[in-house]
Protein chains: 2
Amino acid sequence: MGLTDTANRPTKRGRPGYDQEAVLRIAVEAFNEYGYDATSMGKLADRLGISKSAIYHHVPSKEDLLRLALDEALIPLEAVIAEVRTHEGTADERLEFFLRATFRILLDKRSYVTLLLRLRGNTELERQALQRRRAMDRQLAELVAAAQSDGKLRADLEPRATARLLFGLINSVVDWYRADGPINGTELEEQAVSLLFNGLHTVNA
Amino acid sequence: MGLTDTANRPTKRGRPGYDQEAVLRIAVEAFNEYGYDATSMGKLADRLGISKSAIYHHVPSKEDLLRLALDEALIPLEAVIAEVRTHEGTADERLEFFLRATFRILLDKRSYVTLLLRLRGNTELERQALQRRRAMDRQLAELVAAAQSDGKLRADLEPRATARLLFGLINSVVDWYRADGPINGTELEEQAVSLLFNGLHTVNA
């Protein structure tokens, strides 16, 4: 679902051809290309081919664009945590579900997640988003610890560091995945999950 | 070894207390904090507490600072590739050596590697640095393929995607490792390498 629903909301002002969702999508591309701090509303207006005041018809400020963009990534990621909590499987199975669901959101919401992963925490809004990310790290670490208690995961791995390493591998796909690369998204998900659970070595290596 | 060797080079001009190495270190902190594009030489001068013209005594341009900073990361990383080539072990052993040596440089040259990993490729210099990174990806993918041919690594993993996933996990430490965290750098290296080679699952899970 997009940010605007033209059937139910008053028509947005501004140049025809852009709704708030399109402005947001193009803004996020620019933020990822030049950095959020280096992208002024003037630069963004140039990129959209509209006036600065036309952008302000869509959103009140650059920070509002950032907030909307971060929510595009954070809301589905947080929905995964809620699903993990109600998932009826073992900790091991819930861990796998968590990693796979996160992976799919990364590819689906790629530019928004890229923005989230590059945040520096220079403003209150950025720090709040980073806190929401840390809540996901904690949730993953708890699942690792629970699966270790069940005897399904190796007990020698420190849960918090392991959670960070797991997200490190999974999150990296936003930087390098290409649809025209050697494997598609579904195959990549399988390989990433299998690598994490079973490792590189052949069983009798 | 630093960038300046005061015993053999003419003394740098500029405010006492800063040599080129210190200017570079502080510049890289600022680039990582605000983004390279958003960090002007004026902002940098404020941070150093010196005049803009005093910075130009140390380096001719902001791009030269970036070039020097990227080399601080890339030169030792490329030295690893050279060592891997002359390493006498099996492909499997050379792969482990590559990952461990890279890991140590990431922690040792952390701020410089962070800058490298966040490059966007907006200038010729940035694109050259990204090309040097891609050469490392290719080298790692070749090692994965060689270790698969030797029967030491699972043959079902696609080598190029696997190389990216391995670097994804290893590289992530620059974003989150803390010396006061649950495990130290040496333990983290062991856990990261063991996770990648042996996986999360207990052997009889």
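So you know, we letter chains A, B, ... as the sequences are listed, proteins then strands, and number each from 1.
Atom CD in B/E187 sits 11.5 Å away from atom CG in A/D156 (nearest 0.5 Å). From A/N171, atom CG reaches atom CG of B/N171 across 12.5 Å, with rounding to the nearest 0.5 Å. Taken to the nearest 0.5 Å, the CD atom of A/Q148 stands 10.5 Å off from the OG1 atom of B/T202.
For A/N32, the part lying near chain B is the backbone, with the side chain staying farther off; criterion is any non-hydrogen pair under 4.5 Å. For A/I170, no part lies under 4.5 angstrom from a heavy atom of chain B. Interface remark: B/T39 contributes no atoms to any contact with chain A (heavy atom separation under 4.5 Å). Both the backbone and the side chain of B/L165 come within less than 4.5 Å of a heavy atom of chain A. Only the side chain of A/R160 comes within contact range of chain B, with at least one heavy atom under 4.5 Å from a heavy atom of that chain. Residue B/V173 touches chain A through its side chain alone, counting heavy-atom pairs closer than 4.5 Å.
The shortest distance between side-chain heavy atoms of B/D37 and A/D37 does not fall below 4.5 Å. Side chains of B/L196 and A/L169 form a contact here, defined as non-hydrogen atoms less than 4.5 Å apart. Taking 4.5 Å as the limit, some side-chain heavy atom of A/H201 sits within range of a side-chain heavy atom of B/D92. Side chains of B/Q191 and A/E158 form a contact here, defined as non-hydrogen atoms less than 4.5 Å apart. B/R164 places none of its side-chain heavy atoms less than 4.5 Å from the side chain of A/D175.
Taking chain A as the reference chain and counting heavy-atom pairs below 4.5 Å, the highest number among B/W176, B/Y36, B/F167, B/Y177 is found for B/W176. By number of non-hydrogen pairs under 4.5 angstrom with chain A, the leading residue of B/S194, B/A192, B/G181 is B/S194.
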Side chain to side chain contact (heavy atoms under 4.5 Å, CB included) assessment of B/L200 paired with A/L166: CA-CA 10 Å; B/L200 285 167; A/L166 297 178; 3.9 Å; yes
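With sequence neighbours excluded, no residue forms a salt bridge (charged side-chain N to carboxylate O under 4.0 Å, His left out) with B/E93.
The interface of residues 111-138 of chain A with chain B, defined by heavy-atom distances below 4.5 Å, comprises A/R118, A/R120, A/N122.
Annotation for B/G168 and A/S172: closest pair CA-CB, 3.4 Å, computed over non-hydrogen atoms.
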